*Asks:* 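After the structure tokens below, expect a handful of questions from me.
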2 protein chains.
Amino acid sequence: MNYGIIRKILGIMLIFEAIFMIPSFLISMYYNQEDKYAFLICITLNLIIGYIMYKLNVKKNVIKIKEGLAIATFGWILISIFGALPFVLSKSIPSFIDAIFETVSGFITTGATIINDVEKLPKGILFWRSFTHWIGGMGILVFTVALLPMVGVGGFQIFKAESPGPTADRFVPRIKDTAKLLYITYLSLTIIQIVLLLIGGMNLFEAIIHTFGTVGTGGFSTRNQSIGAYNSVYIHIVISIFMILSGINFSLYYSVFKGKWKEVLKNEELRLYLGIIFVSVILISLGLKMNTQKSIGVSLRDALFQVSSIITTTGYATDDFDLWPSFCKSILFMLMFVGGCAGSTAGGIKGIRILVLLKIIKRDIQKIFHPRAMIPIKNGEKIIKEETISAITSFFILYFLIFVISTIIISLEGINLESAASAVAATLGNIGPGFGMVGPTRTFVFFNPFSKILLSLLMLLGRLELFTIIALISPKGWRNEI
Amino acid sequence: MNYGIIRKILGIMLIFEAIFMIPSFLISMYYNQEDKYAFLICITLNLIIGYIMYKLNVKKNVIKIKEGLAIATFGWILISIFGALPFVLSKSIPSFIDAIFETVSGFITTGATIINDVEKLPKGILFWRSFTHWIGGMGILVFTVALLPMVGVGGFQIFKAESPGPTADRFVPRIKDTAKLLYITYLSLTIIQIVLLLIGGMNLFEAIIHTFGTVGTGGFSTRNQSIGAYNSVYIHIVISIFMILSGINFSLYYSVFKGKWKEVLKNEELRLYLGIIFVSVILISLGLKMNTQKSIGVSLRDALFQVSSIITTTGYATDDFDLWPSFCKSILFMLMFVGGCAGSTAGGIKGIRILVLLKIIKRDIQKIFHPRAMIPIKNGEKIIKEETISAITSFFILYFLIFVISTIIISLEGINLESAASAVAATLGNIGPGFGMVGPTRTFVFFNPFSKILLSLLMLLGRLELFTIIALISPKGWRNEI
């Protein structure tokens, strides 16, 4: 392990974080609120520590796979710790554990919050809180589209040949080119959504905040009622659509840009994703229409919004879906596990894995009657390697295992099973709110510090596609240098 | 498909069912209760229809894999339909759908009931109800230990070489020899438990009934409070131990009988099974001690009983575990999925599959650092074939998928998620009671007929290891004769 280069890059990340804090500082200056000093201190601190880490001597400038994994894991932890400081120093979140939870939830684009009254926070802090979603989203795109396919954890090999950009063998140039394309898409989505929300009558500050939460599939809002605070069909629809767009594999936008429409329409993961959304919206709106006072129009709109919000693991709400009929809730609960498409900022198990899992079942049913047949599993035209299939199934098993064990631990809080299970599903899947005690009108603040740390870890674990972090903490892994 | 031989064997099964009804008839005669006519009619009916089916011309006497699967599937359905008639005719269960549910639950050894007041049922009916567990248990042993390993569905190939008895290639002789050994074990366990319960002061009738429910891992009782009705530590412990014994792979008893103790102690599935029981008992009894008024002794005893009952998918209760702390409930909920060892009468995913799933995760973590290494997965000393591993993972994925979809459908009943999810887990895993609305003090009677049929189907699906029934209903399967 090349510790020097890891330290150096982590140092650069801290410097970048300082730069990213500047807009929040300027906003706090503009509104002249108490948080301005907090940002000033944090920017200075980040710059100094970042610069020292960057400048210390590095023996060789080589980044291999293991260093990549370590940078991803520790990078997220480090920027979360430093990113939590403005909350603590401005006294917006007095408890450091709470602030860490909130910041991890931000950078990881989960959107689970411990703040009961968001509306009384100073503007700079509100901006920083949501900006972490947007910054985190950028990091995720590079991590999952550029880094993971090369590492090949959790079945992410499946993307290797599909990612846009040149496929050079060396690490850094490849990441740079891919990242550029991703960022252009990400930035375009951001700008378009801000404009559309402004047209809908949202003020600039809130339009930016909610766009950060949408394109980063995060879910932090400036309002206690989340998007439900805006009584505008237009705003609900715009955010629904942009949540769906943000849950699509970003490399498909590159194909659209290149005019390869056919390729996009034939993409099986996209079809599955849109298919699940369509079926879920129909079923949930029927469930709402038949069991509540909602009109068919409102049922459809609320169903579309909530399905988009949960499947893309954003976590915004226009209604207290915890009060919805069991049938609707059980579908939403299932969607918490599905997640968006791989190669987007969404969390969860993700479409491509679900697709492969379904194909595995299909194959084994066929095999009962053709025991000797070799039936390959394909993604589009391409045959998926058996070891990729194995990696995907072990991801699924591990996801389930972590879910079960964490639910047992969280149930020590004495909350009911639905609350405990959904708290775990919502953090591991990077969604945000769950059901019951962690429903959309409630927060995670009541958990004890131990549970908060566990839930923060689950967010990180889900975001790093489980295996990254496990590989890193495996002592065997450390010994076998690669 | 050789329909003739299927019909013939189903005919034999009906005749056997008639013979199996005789003890219940004699009991109803002895107590001179109203159910005696019901049994007389049913015995006659079974004999006539069975004899006709048996005698009709059969072209060739060949049973291949597909016929074996069809016999297993339709056999269970047929004997459940005919076995439900005594309940209907004696007016013990007036609704036919309810009676079918109860009888499927009996033969499949689930133990989920729709009867609110068991204690007012006539003795003959009570005996028949529990005898279905014992008969079903016998059927399951042959099905899972002799038939399935040859078919190779759901990863059951793993047993192929482990089953006791000669390993001739032909179908029928193998089944016969294996079955004989299994039945001797089954019968021995039955007799020993009856004697032990008699020693504990239980009357003969109830000792027999509860032994049927234990060794068949069923769970029907003669008491509304289940085993909780007996305020005897001795009885609780005896039943706990026999539940655990009944959840062990029956071929291991053969090894014990042969003096191969070392082999038994080294069996990884057994170790995992006992390990999970041990850890769960410790955790649950701590949870009970700290959160309830129970003493440490009572906590341990209740925890041991309930853990044994749920992991072996029996479903007996000594306490209303639905009122236990969330932490204890969440562990029990997890155990609903685990199930006992393969090659026993227990349902669920089963130990051997859990073991392989854990090893798959382990392998994929190792693979991150040794991408080119071929790491075989072993069961004891033997390498498990990759296709068996694939079959096990697809079993797990399918189990999860069926669980999720069924929970969504059952939640249409308007019951909360915990009730809906546990009703599905408890039927698919052949356990019996679940949580909330289907808790141990409640019954399944409130479900609408559609849900009852779905839940009955889930019991069958779980019992037939999912793939059997799916392979049969796959139209492609029918076309490709094997």
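The figures that follow rest on heavy atoms only: side chains count, while hydrogens, waters and symmetry mates do not. Here is how names work: the chains are called A, B, and so on, in the same order as the sequence lines, proteins then strands, and each is numbered from 1. Every value quoted in this text rests on a predicted model; they were computed, and no experiment measured them.
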*Asks:* What distance separates Met334(A) CE from Phe400(B) CZ, expressed to the nearest 0.5 Å?
*Replies:* 10.0 Å

*Asks:* Mind listing the closest non-hydrogen atom pair of Ile408(B) and Phe327(A) along with its distance?
*Replies:* O-CD1, 3.2 Å

*Asks:* Enter the distance from Asn416(B):CG to Asn416(A):CG here, rounded to the nearest 0.5 Å.
*Replies:* 8.0 Å

*Asks:* For the residue pair Ser330(A) and Thr407(B), what are the closest heavy atoms and their distance?
*Replies:* OG-O, 4.3 Å

*Asks:* Thr393(A) versus chain B, heavy atoms under 4.5 Å apart: side chain, backbone, both or neither?
*Replies:* side chain

*Asks:* Looking at Phe278(B), I want to see if its CZ is surrounded by more than 12 non-hydrogen atoms of other residues, nucleotides or ligands under 6.0 Å.
*Replies:* no

*Asks:* Run the side chain to side chain contact (heavy atoms under 4.5 Å, CB included) test on Leu401(A) and Leu358(B) for me, step by step, so that the C-alpha distance in whole Å, both residues' side-chain angles and the decisive distance to 0.1 Å come before the verdict.
*Replies:* CA-CA 9 Å; Leu401(A) 192 69; Leu358(B) 293 175; 3.9 Å; yes

*Asks:* Within the supplied structure, the quantity of interest is the number of heavy atoms (other residues, nucleotides, ligands) at a distance under 6.0 Å from Phe446(A) CZ; does it exceed 12?
*Replies:* yes

*Asks:* Would you give the length of the straight line joining atom CD1 of Ile360(B) to atom OG of Ser394(A), rounded to the nearest 0.5 angstrom?
*Replies:* 7.0 Å

*Asks:* With respect to chain B, which residue among Val404(A), Leu398(A), Ile410(A) yields the maximal number of heavy-atom pairs within a distance under 4.5 Å?
*Replies:* Leu398(A)

*Asks:* Distance from Ile397(B) atom CD1 to Lys359(A) atom NZ, nearest 0.5 Å?
*Replies:* 13.5 Å

*Asks:* In terms of heavy-atom pairs under 4.5 Å with chain B, which of Gly414(A), Pro325(A), Ser390(A) leads?
*Replies:* Ser390(A)

*Asks:* Which value, rounded to the nearest 0.5 Å, describes the distance between Leu412(A) atom CG and Met290(B) atom CE?
*Replies:* 7.5 Å

*Asks:* Using 0.5 Å steps for rounding, measure from the CD atom of Glu386(A) to the CD1 atom of Ile389(B).
*Replies:* 11.0 Å

*Asks:* Grab the two heavy atoms, one from Ser326(B) and one from Leu417(A), that are nearest each other, plus how far apart they are.
*Replies:* O-CD2, 3.9 Å

